[in-house]
There are 2 protein chains.
Amino acid sequence: MSGVAEPGRRTGRRPGNLDTGSRILDAARTRFAQNGYDKVSIRSVADDAEVDPALVHHYFGTKRQLFIASIELPVDPDFVLDQIRQTPPESMGAAIAELILNIWESPQRDSVVALFRSAMAGQEVDLIRNFLLQVVLRDVAPRVDNPVGSGSIRVQLVASQLMGLLAARHVLHLDPLAQVPVGELVDVIAPTLQRYLTGHLPAQS
Amino acid sequence: MSGVAEPGRRTGRRPGNLDTGSRILDAARTRFAQNGYDKVSIRSVADDAEVDPALVHHYFGTKRQLFIASIELPVDPDFVLDQIRQTPPESMGAAIAELILNIWESPQRDSVVALFRSAMAGQEVDLIRNFLLQVVLRDVAPRVDNPVGSGSIRVQLVASQLMGLLAARHVLHLDPLAQVPVGELVDVIAPTLQRYLTGHLPAQS
């Protein structure tokens, strides 16, 4: 989220104030939750926030960057996605398991758990679903779309195992699973994710 | 929960009233959440509810039955566990997937989702964790405890995949995963569960 949280620092001038930034983010959150990512334009957000579209671009950059800022993510998704992009599909299972499980051991864990719990409680569920579908999963699905049409289900199965692991380890604190060191757990989970990504799925045959 | 919800019907006499039953359940919930299943006695619950222990037995049966009643489960866990008990370990993955996923398609779905969401929100999380650990997982773990000591992690990995699938399909409603027919999804998930239950787990070698 570099720079986004403190828009005033990006240039010497300050074309608005913090209230303007907050107003744009509020408008973006509402729009993205109601209409989904694709149907939202920078102009519609600007109209709702009663500012000039150029100001939205100035504060938050592209529509994708505005969307990411509106979720208030604890981790920059592009940091994760860049590393997955550099990984060939046949070793993505281990790469994803290692990346995600290590984020949960970092200082970001509390924020990740909080976001997950609020999604489960029904708060901002549309926003979070759209984020998962439009930013995270859309990026990976085309790379594992074999046979054609299976990519989305494949990455959503991966998401299901990761969410369940977060729930078991960091919400319910099930012992002994919560005590297994991350390195060992990566080795246990990676084959599951790899099968979902590139293995034969009965439903797709 | 046959009979348990309407204690007065079990015999011709009515040694208490509905308030007594509610008071016992309230006391049981608090005790099981604070102390865990093992450390709770019928006597301690009776003391807290200021009733005779015999009345607790009369209303709710054994400690296990009292615990199940105190969770207010939408499904009788013994219905599920009895079927798993009759299944050999080497085909348990498919049996569990089919049982659980079909419950989610039944009229009980809303109650299951509500229970899961309240656990994720932190409500009664101790109660629900203890239920999972002491009633559900303890029953299956000894049957897949190979090598010795791996049984608990194995069943908790199964629980993680099932919880994640519930979250993806019935809380976040991720499409297309939420649209996959149950029969197809059982075939996709069963090999994951089976590997967790009886496969080689790197951490256990």
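Both backbone and side-chain heavy atoms feed into the values below; hydrogens, waters and symmetry mates do not. Bear in mind that the values here come from a model prediction, so they are computed numbers and not experimental data.
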Q) Does the side chain of B:Q161 come under 3.5 Å of the side chain of A:T192 through a donor N or O and an acceptor N or O? A)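 Result is no, nothing qualifies.
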
(Q) Heavy-atom pairs under 4.5 Å with chain A: which of B:R195, B:R169, B:M163 has the most? (A)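 It is B:R195.
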
Q) With chain A, which of B:S160, B:A159, B:S152, B:A178 has the greatest number of heavy-atom pairs at distances under 4.5 Å? A)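 Heavy-atom pairs under 4.5 Å are most numerous for B:S160.
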
In Å, rounded to the nearest 0.5 Å, how long is the span from [atom1] of [X] to [atom2] of [Y]?
{"X": "A:I189", "Y": "B:L157", "atom1": "CD1", "atom2": "CG", "answer": "5.5 Å"}
{"X": "A:I153", "Y": "B:E184", "atom1": "CD1", "atom2": "CD", "answer": "7.5 Å"}
{"X": "B:L174", "Y": "A:I128", "atom1": "CG", "atom2": "CD1", "answer": "11.5 Å"}

Q. If you count heavy-atom pairs under 4.5 Å between each of A:P176, A:S118, A:P191, A:P181 and chain B, which one has the most?
A.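 Going by pairs under 4.5 Å, I would pick A:P176.
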
Q) Among A:L165, A:D126, A:L132, A:L137, who wins on heavy-atom pairs under 4.5 Å with chain B? A)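 Among A:L165, A:D126, A:L132, A:L137, the one with the most close pairs to chain B is A:L165.
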
(Q) Show the nearest heavy-atom pair for residues A:A119 and B:L172, with the distance to one decimal. (A)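 Nearest heavy atoms, A:A119 then B:L172: CB-CD2, 4.2 Å.
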
(Q) Which heavy atom of B:L201 sits nearest to which heavy atom of A:V188, and what is that distance? (A)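 In this case the closest contact between B:L201 and A:V188 is CD2-CG1, 4.1 Å.
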
**Q.** Selection residues 109-122 of chain B - residue pairs positive for salt bridge (charged side-chain N to carboxylate O under 4.0 Å, His left out), sequence neighbours left out
**A.**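 Matches after skipping sequence neighbours: B:E105-B:R109.
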
**Q.** Expected output: side-chain A:Q156 to main-chain B:D175 donor-acceptor under 3.5 Å
**A.**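 The answer is yes, because a donor-acceptor pair under 3.5 Å joins these two groups.
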
Q) Heavy-atom distance under 4.5 Å to chain A: side chain of B:L177, backbone, both or neither? A)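 For B:L177, the contact with chain A is made by backbone and side chain together.
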
(Q) Which atoms of B:L162 are under 4.5 Å from chain A, going by heavy atoms: the side chain, the backbone, both sets, or neither? (A)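 For B:L162, no heavy atom lies under 4.5 Å from chain A.
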
Q. Are there more than 12 heavy atoms of other residues, nucleotides or ligands under 6.0 Å from atom CZ of B:R43?
A.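 12 or below, so no.
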
